[in-house]
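Input: a single structure, listed below in C-alpha cells.
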Amino acid sequence: MNDKQRQSIAGKVKRGERLSPDEGLALCDCRDLLWLSSLATCVRRKYNGNAVYYNRNFHIEPSNICVNDCVFCSYRRREGEAGSWALSADEMRALCEPYVGMPVTEVHIVGGVHPSRDIHFYTSLLSTIKRTLPQVAIKAFTAVEIDHMAKQAGLSYDDTLRLLQQHGLDAMPGGGAEIFDETVRRRICPGKTDAHTWLHIHQTAHRLGIRSNATMLFGHVETPAHRIDHLIRLRKLQDTTGGFDAFIPLKYKASNNALGAGGEISTLDVLRTVAVCRLMLDNIPHIKAYWPMLGKDVMQLALLFGADDIDGTIDDSTKIYSMAGADAHPTLTAPELETIITAAGFTPAERNTFYKTIEK
Ligand code: V47
Ligand code: SF4
C-alpha cells in the first residue's frame, strides 16, 4: 500500500466513511499492524467507547451426528459411529438444571444437522428449556440447522422461524456462514446450505425480530478476495435489516480434520483479519473475539485490533473447537474475564444476549 492510499483510508475511517472492496483488499495486504490496530481501535471506540463486553452463558450441543460432510469439521460423526452423541430432550433439560437461580443470561445451542430429528423435537426442546430457565435467552440453531428443519417439515423459512420463535427462540448464532464464495464452499463444505440461503434465512429472522450473529471461517483455502467478498455480502444485508448484533471471525483449527494438512495461520494474520473485519463491517456494532477458539492470549490481543466482545463463561460446555485442537476444557469465570479485559486497558461490561449492560 502506498502512502497516498494509506492517507486516503485513514481519512475515510476517521470521517466514518465506508471503505471499498479494493481498500479492504489493500488492508489484507498491510504489514503495518500497529497502524491497522489504531484504525480498528478508532472504529471500535466510535461504537463501544472503552467497553469490552462479556456474558454469562453455557452451551448445549444436542448432537454431533450430521448429514453434512464439511471438510474442516473435526466434530461430525455418522449415526452409530464411535464418538457420536445425541442427547435426548430430557438430558438437555438436566444440563440446564444446575443453572436454575444462577446469574447466567444465555444458553447457546448449536449442533450437527441430525438426519431424523424434526422441527417438533426442536420446538419441544425450546419449550422445555424455557420452562426450566425462563429468564435465560435462548440463542439457538444456525441457518444450516434451520434450513434442514424447514425442508424436512415442508415449511417456509418464515413459518419455521415463527414456530421456533413461538416456542422460545430469542436469537440465532452466526455459524454456518464459513466463506460465502461458491467455489470455496464447494471445496470445504459441499452440500451445505448455500450462501444465498444462509443470508435469506438471517434476513427472514431479522424481519421477524429475531436478532442474529454472523461468522466467517478463515485461514484455510480462501484468499483475501474471498474474505472481502464475504464481508461485503454481510455488510449489504446489514444495510437493509440492521439485524446483526455481532460478527465473529473464526480461525480455522486444523487438528483431526481432512482439511488439516495446510496447518493454521499465524497470530499476526489472525489479528490483521480481526482489524480488517472491524474496518469493513462499518454497520455491525460488535466484533467478537471468541476465546475458546482463539485461546486466551490471542483473544486479549484481538481487543487491540477492534474486537469489543469476548463472549462468555462457556463453562466447559462446548466440544466443536476442542475436537479441532483448541483448549480441551474451555471455562473462565466472570471475574477472570473481567481481569483479562482490564489488563488490556478496557472497561469490562457484562451484557445480555442483546448487548444490554447488566448493572451490578
Ligand atoms: O459454522 C467448525 C466453525 C461454527 C471448525 O453466534 C470451526 O455467538 C474453526 O456457530 N476450526 C459453529 N472453526 C460455531 C458457531 C459460533 C461460535 C461462536 C459464537 C457464535 C455466536 C457462533 O464453527 C461453524 C464453523 O465455521 N468450525 N469446525 C474448525 N475446525
Ligand atoms: Fe455438520 Fe456443522 Fe460439522 Fe458441517 S461444521 S459437518 S454442518 S457439524
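Any value given below was found using the heavy atoms of this structure, including those in side chains, with hydrogens, waters and symmetry copies removed. Counting starts at 1 for both ligands and their atoms, following the listed order. Since the model is a prediction, treat every value here as computed from it, not as a measurement.
- The Ile248 neighbourhood of ligand 1 comprises atoms 6 (O), 8 (O), 20 (C), 21 (C), with distances under 4.0 Å to a heavy atom of that residue.
- Side-chain contact check for Thr241 and Gln203: no donor-acceptor pair (N or O, by modelled atom type) lies under 3.5 Å.
- When heavy-atom distances to ligand 1 are checked against a 4.0 Å cut-off, Phe72 comes that close through both its backbone and its side chain.
- Residues Phe58 and His108 place their aromatic rings such that the two centres sit no closer than 6.0 Å.
- Side-chain atoms of Thr193 never come within 3.5 Å of backbone atoms of Asp147 as a donor-acceptor pair (strictly under, hydrogens ignored).
- In the model, Thr347 has a side-chain atom that pairs as donor or acceptor with a side-chain atom of Asn50 under 3.5 Å.
- Annotation for ligand 2: atoms under 4.0 Å from non-hydrogen atoms of Phe72 are 5 (S).
- Ligand 1 lies nowhere less than 4.0 angstrom from a heavy atom belonging to Met293.
- Atoms of ligand 2 lying under 4.0 Å from at least one heavy atom of Gly112, given by number and element, are 8 (S).
- Looking at ligand 1, you won't find any N or O of Leu250 less than 3.5 Å from one of its N or O atoms.
- Of the options Lys251, His286, Met216, His108, the smallest heavy-atom separation from atom 19 (C) of ligand 1 is shown by His108.
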Please test Trp291 against Tyr54 for ring pair (Phe, Tyr, Trp, His ring centres under 6.0 Å), starting from the C-alpha separation and ending with a verdict. CA-CA 11 Å; Trp291 67 263; Tyr54 72 92; over 10 Å; no
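- Ion pair Glu97/Arg131 not flagged as a salt bridge, since none of the NZ, NE, NH1 or NH2 atoms sits closer than 4.0 Å to an Asp/Glu carboxylate oxygen.
- A donor atom on one side chain and an acceptor atom on the other are not found under 3.5 Å apart for Asp181 and His230.
- Close approach of ligand 2 to Lys192 is summarised as follows: ligand atoms under 4.0 Å from at least one heavy atom of the residue are 4 (Fe), 5 (S), 7 (S).
- Atoms of ligand 1 lying under 4.0 Å from at least one heavy atom of Pro173, given by number and element, are 6 (O).
- Exactly one of Asp308, Asp309, Asn55 qualifies for a side chain to side chain donor-acceptor pair (under 3.5 Å) with Tyr355. That residue is Asp309.
- Considering backbone and side-chain N/O atoms, Lys253 comes within less than 3.5 Å of an N/O atom of ligand 1.
- Contact annotation for Cys66 and ligand 2: only side-chain heavy atoms (C-beta onward) come within less than 4.0 Å of the ligand.
- Assignment of Lys288 to the shell around ligand 1 is supported, since a heavy atom sits closer than 4.0 Å.
- Those atoms of ligand 1 with a heavy atom of Lys139 less than 4.0 angstrom away are 6 (O), 8 (O), 21 (C).
- If you number the atoms of ligand 1 from 1 as listed, the ones under 4.0 Å from a heavy atom of Leu217 come out as 7 (C), 9 (C), 13 (N), 26 (O).
- Below 4.0 Å from some heavy atom of Asn257 lie the following atoms of ligand 1, by number and element: 30 (N).
- Atom 4 (Fe) of ligand 2 has an N, O or S atom of Cys70 closer than 2.8 Å.
- Checked against a 3.5 angstrom limit, the closest N/O atoms of Thr215 and ligand 1 fall outside it.
- Between Gly175 and ligand 1, an N or O atom pair is found at a separation short of 3.5 Å.
- By the 30° and 60° cut-offs, the orientation of the rings of Trp198 relative to His202 is parallel.
- In the hydrophobic clustering of this structure, Met102 does not group with Met92; members are Ile, Leu, Val, Met, Phe, Trp, Tyr whose side-chain heavy atoms approach within less than 4.5 Å, directly or through other members.
- Atoms of ligand 1 lying under 4.0 Å from at least one heavy atom of Asn213, given by number and element, are 6 (O), 8 (O), 21 (C).
- For Tyr252, no nitrogen or oxygen atom sits less than 3.5 Å from a nitrogen or oxygen atom of ligand 1, counting backbone and side chain alike.
- One of the N, O or S atoms belonging to Cys73 lies under 2.8 Å away from atom 3 (Fe) of ligand 2.
- The N/O atoms of Glu178, backbone and side chain alike, include one that comes under 3.5 Å of an N/O atom in ligand 1.
- Looking at Thr273 and Arg227, their side chains do bring a donor and an acceptor atom within 3.5 Å of each other.
- Residue contact check: Arg76 has heavy atoms under 4.0 Å from atoms 6 (S) of ligand 2.
- By the 3.5 Å distance cut-off applied to N or O atoms, Gly176 is counted among the residues near ligand 1.
- Looking only at atom types and distance, the side chain of Thr223 has a donor-acceptor partner in the side chain of His226 under 3.5 Å away.
- The line from NE2 of His148 to OH of Tyr122 is 7.5 Å long, rounded to the nearest 0.5 Å.
- Contact record, Thr41 with Leu304: OG1-O, 3.5 Å, taken as the closest heavy-atom pair.
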